[in-house]
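It should be emphasised that the depicted structure is a prediction, and the values quoted were computed from it without experimental measurement.
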Amino acid sequence: MSIRTGINRTLRIRGPELLDFIDRTIAEPEANQVLVEVSACGICGSDLRPYRKGELDFPYFGHEFSGIVAAVGGEIGDFHPGDRVASGLALGCGFCDPCLRGFPNLCERARNQFLPGGFAKYCLVTCAEGCRPLIGIPDSLDDIRATCFEPLSCAMRIVERADAVPGARILILGLGMMGVLSGLLFKNKSPESLVVGADTHPGRVATAKRLRFDHCVHLESGKTAPIRDIAPDFDLVVDATGVASVFPLALDLARLGGRVVLAGVPTESVYFAPLPIFRKELTVLGAKGPYPFPDEKGGSQALDLLSSSELPWDELISVFSFDQAALAFKKSAEGASLKSVLSWKSGEN
């Protein structure tokens, strides 16, 4: 098995908020690898951190992508050249305790499986026996929307872990894609629930206001008055900010006996007083996606939802060509674009 030799144009970080393209050689897949010709790739909040800091070798740079299988290794029997796929960022070894218990998102041996990542024309994807970081997508699902398979799976995990009762007062701190998707899913599940969103980015607040949130507030650092004007406290608080210093605020805004779900990925440390957890008998949960959410027929609930009209995808996604990568990252970092997706079909060849 061989593939055509050629150049793999790859977006890379070359300094704080600086991007450029580098030409690499297209690699041939090894036995357990799939070579994907990328169609589109979404910008995740975890991509913005190394972008801001100028981390040159961030391993998961570009993991929300869709594309077409270009070639497969000899051990791959479930994907074939020409198949349309989306990435899931859930490579499990298949043998550790979490994998055997059905939690590949918590695999003890998880590692980067995308080389060089989805911000490239071609991406090598390493697969493990019984667990695939790719999923086949139907022709009815377009390349752009398919990039949201991974973040939607994460949002579904948040909603599942939260287990909110119908009619609950729900506060979403952080109105990036994860927070907004979670809020919309909570509202779909229980229209009578009060869903409130809060963020420090005016652009994100404006976007959420146009959607099905009951209230959206622009927060200044540490000030909770705009939220408490809506409700004194909440049955459920979802911290989707990924900012460690927000966690004490989430505890403060949860009601007696309430729940707090940590849904962002805080990389910093923060001091907080644990006494409110004790005094209010709070339940504190983590929600680590993505999670596959298979349906009864072995398919995917996330794919079904992506293919439906239940969520306003056109209002959530902004499409840029790969030539516009610098602009797309800038708008994402500023909160002006909720979900920026780079597409090779939008003016890039």
Side-chain angles (χ1 to χ4, degrees), residues 45 148 151-152 154-243 246-264 276 280 282-285 287 289 302 305-306 308-318 335-339:
C148 293
L152 177 59
C154 291
M156 292 172 69
R157 184 63 169 171
I158 293 168
V159 173
E160 180 185 63
R161 291 285 287 161
D163 194 26
V165 299
R169 296 196 305 270
I170 301 171
L171 173 63
I172 311 290
L173 296 173
L175 295 174
M177 187 64 160
M178 202 71 64
V180 168
L181 281 177
S182 301
L184 295 176
L185 292 175
F186 282 123
K187 201 67 178 174
N188 281 1
K189 185 177 180 180
S190 174
E192 66 271 28
S193 292
L194 175 72
V195 179
V196 178
D199 202 294
T200 58
H201 290 276
R204 289 178 177 175
V205 172
T207 298
K209 280 183 177 179
R210 296 195 298 267
L211 302 173
R212 296 186 62 201
F213 282 72
D214 295 293
H215 299 277
C216 291
V217 297
H218 177 218
L219 284 183
E220 295 183 31
S221 180
K223 296 183 179 180
T224 63
I227 296 176
R228 295 190 190 277
D229 286 343
I230 298 168
D233 51 27
F234 293 84
D235 302 294
L236 169 67
V237 181
V238 176
D239 178 2
T241 65
V243 179
V246 173
F247 182 66
L249 176 63
L251 298 177
D252 182 50
L253 290 166
R255 70 161 176 83
L256 293 173
R259 289 185 166 224
V260 174
V261 176
L262 185 61
K280 294 198 286 185
L282 300 178
T283 299
V284 179
L285 301 161
L305 187 54
L306 271 175
S308 74
S309 58
E310 290 186 41
L311 296 175
W313 297 107
D314 291 343
E315 298 182 60
L316 301 175
I317 299 170
S318 300
S337 174
L338 183 62
K339 173 57 66 176

I need the single residue from D199, V217, L219 that forms a side-chain contact (heavy atoms from CB on, under 4.5 Å) with V205. Which is it? D199

Determine the sole option in I170, I230, I172 for which the side-chain contact (heavy atoms from CB on, under 4.5 Å) test with V196 is passed. I230

Scanning both residues in full, the closest heavy-atom pair of L282 with A254 reads CD2-CB, 3.8 Å

Donor-acceptor pair, side chain of K187 and main chain of D214, under 3.5 angstrom: no

Tightest non-hydrogen contact, residues F186 and A162, listed as CZ-CB, 3.7 Å

Could you state the interatomic distance from NE2 (H201) to OG1 (T207), rounded to the nearest 0.5 Å? 11.5 Å

So which heavy atom on M178 is nearest to which on A155, and how close? SD-N, 3.7 Å

What residue among L262, L175, L173 forms side-chain contact (heavy atoms from CB on, under 4.5 Å) with T241? L173

L181 CG to C148 SG distance, which is reported to the nearest 0.5 Å: 7.0 Å

Trace of the side-chain contact (heavy atoms from CB on, under 4.5 Å) decision for L316 with L211: CA-CA 9 Å; L316 301 175; L211 302 173; 3.6 Å; yes

Candidate pair L152 and M156, rule side-chain contact (heavy atoms from CB on, under 4.5 Å), full reasoning: CA-CA 6 Å; L152 177 59; M156 292 172 69; 4.0 Å; yes

For P166 and E192, the nearest pair of non-hydrogen atoms, with its separation, is CB-OE2, 3.3 Å

Please check this pair: side chain of K339 against backbone of W313, looking for a donor-acceptor N/O pair closer than 3.5 Å. no

Between atom CG of L185 and atom CG of L305, what is the distance when rounded to the nearest 0.5 Å? 6.0 Å

Please evaluate residues R212 and V195 with respect to the criterion side-chain contact (heavy atoms from CB on, under 4.5 Å), reporting the C-alpha separation (whole Å), side-chain torsions for both, the decisive distance (0.1 Å), and the verdict. CA-CA 8 Å; R212 296 186 62 201; V195 179; over 6 Å; no

Quick one, V180 and E315 - any side-chain contact, counting heavy atoms below 4.5 Å? no

Say you draw a straight line from CE of M177 to OG of S337; how long is it, rounded to the nearest 0.5 Å? 9.5 Å

Intermediate values then yes/no, side-chain contact (heavy atoms from CB on, under 4.5 Å), L171 and I227: CA-CA 9 Å; L171 173 63; I227 296 176; 4.1 Å; yes

Nearest-0.5 Å distance, CD of residue E220 to OG1 of residue T200: 10.5 Å

Testing the basics here: between S193 and G167, what is the closest heavy-atom pair and its distance to 0.1 Å? OG-N, 3.2 Å

Could you report the tightest heavy-atom contact between L194 and H215, atom names first, then the distance? CD1-CD2, 3.8 Å

Not counting sequence neighbours, which residues clear salt bridge (charged side-chain N to carboxylate O under 4.0 Å, His left out) with D233? List them please. R169

Note, P312 side chain near L184 side chain (heavy atom, < 4.5 Å): yes

